There are 2 protein chains.
Amino acid sequence: MEPSHSDVHGDCRAISDVLARIGDKWTVMVVGLLSDGPMRFNELRRTIGGISQRMLTLTLRGLERDGLVTRTVFPTIPPRVDYELTDLGQTLIVPLKSLFAWATSNRPMIAAAQQAFDAATPNTPVPHPPRQVPNLQAARLPKMAQAFDDAPGGRNGR
Amino acid sequence: MEPSHSDVHGDCRAISDVLARIGDKWTVMVVGLLSDGPMRFNELRRTIGGISQRMLTLTLRGLERDGLVTRTVFPTIPPRVDYELTDLGQTLIVPLKSLFAWATSNRPMIAAAQQAFDAATPNTPVPHPPRQVPNLQAARLPKMAQAFDDAPGGRNGR
DNA sequence: CTGTATCCGAGCCGATACTG
DNA sequence: CAGTATCGGCTCGGATACAG
């Protein structure tokens, strides 16, 4: 018998579990940044720009719990803590790239569909309004680009 | 030529936008079910099993707004409404498969990491407790399997 | 610098009741 | 059958203050 259909039960939970982790507001961005190499707490904080230290701590703690990042403390003064992707964390970048490619290449189409839909039903309030993620400051971030760019099926020459 | 580094600003927003849509509790499951072909409202509702009609409506409305599914009304009595993935919606399955493959093949490792972490810090409450998605009933759902199975890197034989 | 603790608003999501 | 409306709990996530 083919390998398919084997454990649908557990399988559909699997993807939900993953989305419960990376589906939140900040996780993918952190992973993307970290994919370029280890970073310190405030380095992440500054680069992202719109995250509170509370959420950064929580996000990192969650990733650490799942074995996706390591937390290394240097007992110096002032203290220094490095966060780095584990091997497992690195592998996550692959499917993330796939998603990233889809997102970038289809965003215009989605935006158009939304406008068309909203125009057709002006009275109905939008299902779920945005969750705006503040843009990173353009300055210090070829990092994020390397992280997800060069994905398959993503973009042609531009 | 590498097209990289071109529009980092817009790009990191792109992936966040996508996650804002598919990162919620039900969307991927609906897309997975729909990937096998059109389905009616209550058919989806029954198959998923744990979703309220409110959330199913909202989820479908959101997908429709983004141009990922179409809603077709048959003005019969009783009324009948079919939901179906658009071409754009179909393309989403590709990156979803990628994620699905990663999820299934790494879930044991993640679970282990969590246990280890929780064992090491018994007092600290978990960052974000679960978001349990009720399992689909095993009965009528080879559908979901076809949707995401045969993904690359996912599973070898067996 | 790297966190933790607390307060608080906003939204998600389920339960229930009602309509065409 | 396929929704809409309304209520209420709960969680997410920002702001602020404090600690090692």
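What you see below is based on every heavy atom in this structure, not just the backbone, and it leaves out hydrogens, waters and symmetry mates. The model shown is predicted, which means the values in this text are computed figures rather than measured ones. Sequence lines set the chain letters: A, B, ... in the order given, protein chains first and strands last, and positions in each chain run from 1.
Interatomic distance, Leu99(A) CG to Ile22(B) CD1, rounded to the nearest 0.5 Å: 4.5 Å. To the nearest 0.5 Å, atom CG of residue Asp24(A) and atom CE of residue Met29(A) are 10.5 Å apart. Rounded to the nearest 0.5 angstrom, Thr70(A) OG1 and Leu88(A) CG are separated by 11.5 Å.
With rounding to whole Å, Trp26(B) atom CH2 is found 12 Å from dC12(C) atom C1'. dT2(C) atom P lies 9 Å from atom CG of Leu44(A), rounded to whole Å. Taking atom CE of residue Met29(A) and atom P of nucleotide dG13(D), one finds them 13 Å apart after rounding to whole Å. Separating the CD1 atom of Ile77(A) from the P atom of dC1(C) is a distance of 14 Å, rounded to the nearest angstrom. Here the P atom of nucleotide dG11(C) and the CE atom of Met55(A) are 16 Å apart, to the nearest Å. What separates CZ of Arg71(B) from P of dC1(D) is a distance of 16 Å, to the nearest Å. Distance, Leu56(A) CG to dG14(D) C1': 14 Å, rounded to whole Å. In this structure, Leu60(B) places its CG atom 14 Å from P of dC13(C), rounding to the nearest Å.
Taking every side-chain heavy atom of Ser52(B) into account, dG14(C) is the closest of dG14(C), dG20(D), dG3(C). Closest to the side chain of Gln53(A), from the set dG14(D), dA2(D), dT4(C), is dT4(C). The listed nucleotides are dG3(D), dC1(C), dG14(D); the one nearest the side chain of Pro78(A) is dC1(C).
Considering only side-chain N and O atoms, Arg54(B) lies nowhere under 4.0 angstrom from the phosphate OP1 or OP2 of dC12(C). OP1 or OP2 of dA2(D) sits under 4.0 Å from a side-chain N or O of Arg40(B). Between Arg61(A) and dT4(C) there is a side-chain polar atom (N or O) within less than 4.0 angstrom of OP1 or OP2.
Residue Met109(A) is grouped with residue Leu63(B) when hydrophobic side chains (ILVMFWY) are merged at heavy-atom distances under 4.5 angstrom, including chains of intermediate members. Grouping the Ile, Leu, Val, Met, Phe, Trp and Tyr side chains by contacts below 4.5 angstrom, directly or via other members, places Leu85(A) with Val73(A).
The nearest heavy atom of DNA chain D to Gly23(A) and to Asn42(B) marks one nucleotide each, and the one closer to the 5' end goes with Asn42(B).
Counting non-hydrogen atoms under 4.0 angstrom, Tyr83(B) reaches the backbone sugars and phosphates but no base.
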